[in-house]
There are 2 protein chains.
Amino acid sequence: MARAGLTADRLARIGAELADEIGFEQVTASALARRVGVKVASLYSHIANTHDLKTRIALLALEEMADRAADALAGRAGKDALIAFADVYRDYARAHPGRYAAARFPLDPRTAAASAGVRHARMTRAILRGYDLDEPEQTHAVRLLGSVFHGFVSLELAGGFSHSAPDSQESWTRTLDALDALLRTWPAP
Amino acid sequence: MARAGLTADRLARIGAELADEIGFEQVTASALARRVGVKVASLYSHIANTHDLKTRIALLALEEMADRAADALAGRAGKDALIAFADVYRDYARAHPGRYAAARFPLDPRTAAASAGVRHARMTRAILRGYDLDEPEQTHAVRLLGSVFHGFVSLELAGGFSHSAPDSQESWTRTLDALDALLRTWPAP
DNA sequence: CCATTTGCCTAAAGCCTTTAGGGAAAGGCA
DNA sequence: TGCCTTTCCCTAAAGGCTTTAGGCAAATGG
């Protein structure tokens with residue numbers, strides 16, 4: 001019985017691939033074991049349980065999203081930064097729907113606090129440096145941006161905008177235009 | 001063996017209650033049978049399978065959401081309508097998280113087209129009558145509203161805004177103020 | 001009152017998770 | 001090189017969930 005060379009990290013990476021192919025929900029210990037060519041029980045030396053596996057995939061996805069966001073933001077400001085950040089977010093979700101779903105997996109507070117999600121959130125806030133918003137309005141705006149990005153991508157992925165004109169890409173572009181205009185003229189409380 | 005008087009509709013209603021208590025994901029044929037006090041196999045005379053059960057719960061939730069939205073919209077226009085509609089949406093999600101999750105259950109296109117989701121979408125569009133938007137910008141705005149409502153509520157439910165100031169209610173109010181301002185000054189393409 | 005339909009049951013197969021315990025491969029050290 | 005320990009993957013088994021098949025008893029209705 002040749003060794004398969006498994007580690008928790010490798011399982012998370014393969015689990016992420018699997019998630020993109022069959023959906024995050026369907027990533028089971030069984031399916032993962034089949035994919036790597038070992039018996040199910042063998043996984044349990046590396047991961048504690050299914051929840052642990054999903055958490056690791058979630059952390060991996062958050063890491064990737066934060067890395068891409070950082071790349072996109074480098075050297076940009078204002079509307080440029082907003083659009084680059086938003087596009088990278090949406091493109092990631094469309095290219096890796098399973099990983100994107102994983103990134104929305106509920107993490108316990110300690111894990112979430114130590115995840116790359118924090119880095120990603122800080123970058124969302126950094127975008128607002130190009131606009132003139134003080135606290136607490138800045139936080140409200142951060143939350144609005146998060147809501148729009150997640151909401152749009154999630155509805156789009158669920159097929160909510162398909163099979164009807166106009167094209168969803170069009171709506172995305174106009175949504176970002178509108179957000180930029182809104183942030184520049186943010187209403188007083 | 002006294003008869004329990006089950007029907008597909010009753011199972012959907014009880015399933016919806018169960019969803020709010022234990023989460024939509026955990027609504028299994030097993031759990032439902034335990035709840036109504038019959039053996040699991042007995043459910044299969046009324047529902048085709050688990051997917052069918054979840055679909056019925058989803059349709060129920062969409063129906064309820066559309067009914068409440070219609071009530072909220074009656075006799076209102078402009079920002080009033082926007083706020084009433086949005087509040088009803090958010091309040092429903094917070095009072096019935098399991099049903100809200102059910103409402104996001106992916107329906108096949110035919111089922112979705114016959115669901116109350118269509119009515120709900122039409123109402124979202126009706127809100128825009130209070131603002132001055134022509135096609136295709138109106139559709140972009142409908143999609144933006146849907147994204148913000150779903151995105152905000154979903155992040156809030158997942159705990160994304162908790163344990164940090166300001167209060168999420170505050171952000172909701174300001175988000176609606178911002179949306180109203182945006183719709184009134186919608187940028188030209 | 002009997003026949004049919006309907007509703008819930010038992011039984012069983014198949015897949016999933018998780019734990020327990022065993023044997024073989026890898027790696028360190030004499 | 002040869003042994004010893006650790007590591008890794010395996011078999012076995014228990015328990016939960018889904019779904020189908022077939023049976024008996026309660027409701028319905030002529």
Side-chain angles (χ1 to χ4, degrees), chain A residues 1-60 98-99 101-102 104-108 111, chain B residues 1-60 98-99 101-102 104-108 111:
Chain A
M1 323 164 171
R3 299 199 168 187
L6 302 183
T7 64
D9 278 358
R10 244 195 99 212
L11 288 178
R13 277 200 301 278
I14 299 174
E17 289 169 21
L18 206 50
D20 287 335
E21 292 169 28
I22 65 177
F24 183 60
E25 292 304 320
Q26 335 302 324
V27 176
T28 62
S30 252
L32 186 59
R34 269 193 299 276
R35 163 68 62 113
V36 298
V38 299
K39 296 293 172 179
V40 194
S42 306
L43 300 184
Y44 285 81
S45 311
H46 305 282
I47 57 166
N49 48 44
T50 306
H51 186 274
D52 176 36
L53 171 64
K54 293 193 164 184
T55 299
R56 287 171 193 274
I57 300 177
L59 293 174
L60 177 70
R99 284 160 148 98
R104 313 246 51 98
F105 185 69
L107 301 177
D108 71 272
T111 310
Chain B
M1 327 166 168
R3 299 200 167 188
L6 302 183
T7 63
D9 277 359
R10 243 195 103 214
L11 288 178
R13 277 200 301 277
I14 299 174
E17 287 169 21
L18 206 51
D20 286 335
E21 292 170 27
I22 65 176
F24 183 60
E25 292 303 321
Q26 335 300 324
V27 176
T28 62
S30 252
L32 186 59
R34 268 193 301 274
R35 164 67 63 113
V36 298
V38 300
K39 297 293 173 179
V40 195
S42 307
L43 300 184
Y44 284 82
S45 310
H46 306 282
I47 56 167
N49 48 45
T50 306
H51 185 272
D52 176 36
L53 171 64
K54 293 194 164 186
T55 299
R56 286 172 192 274
I57 301 176
L59 292 174
L60 176 72
R99 284 159 147 99
R104 312 246 51 96
F105 186 68
L107 301 177
D108 70 89
T111 310

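Reckoned from all heavy atoms, side chains included, excluding hydrogens, waters and symmetry mates.
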Could you tell me how far apart [X] ([atom1]) and [N] ([atom2]) are, to the nearest whole angstrom?
X	N	atom1	atom2	answer
B:H46	D:dT18	NE2	P	16 Å
A:K54	C:dT18	NZ	P	10 Å
A:Y44	C:dT18	OH	P	4 Å
B:I47	C:dG7	CD1	P	14 Å
B:N49	D:dA21	CG	P	14 Å
B:Q26	C:dT17	CD	P	14 Å
A:E25	C:dT17	CD	P	12 Å
A:K39	C:dT17	NZ	P	15 Å

Parallel, tilted or perpendicular: ring planes of A:F105 versus A:F24, cut at 30 and 60 degrees: perpendicular

Test side chain to side chain contact (heavy atoms under 4.5 Å, CB included) applied to A:L59 and A:T111, step by step: CA-CA 9 Å; A:L59 293 174; A:T111 310; 4.1 Å; yes

Candidate pair A:L107 and A:T55, rule side chain to side chain contact (heavy atoms under 4.5 Å, CB included), full reasoning: CA-CA 7 Å; A:L107 301 177; A:T55 299; 3.8 Å; yes

Under-4.0 Å salt bridge between B:D52 and B:R56: yes

Sugar-phosphate, base or nothing in reach of A:S45, heavy atoms under 4.0 Å: base

Sugar-phosphate, base or nothing in reach of B:A41, heavy atoms under 4.0 Å: base

Proximal nucleotide (of [options]) relative to the [X] side chain:
X	options	value
B:T50	C:dC8, D:dT18, D:dC10	D:dT18
B:V40	D:dT18, C:dC8, C:dC16	D:dT18
A:V38	D:dC10, D:dC17, C:dT17	D:dC10
B:S30	D:dC17, C:dT17, D:dT20	D:dC17

OP1 or OP2 of D:dC17 under 4.0 Å from side-chain N/O of B:R34: yes

Distance, nearest 0.5 Å, that separates NE2 of B:H46 from CG of B:L11: 6.5 Å

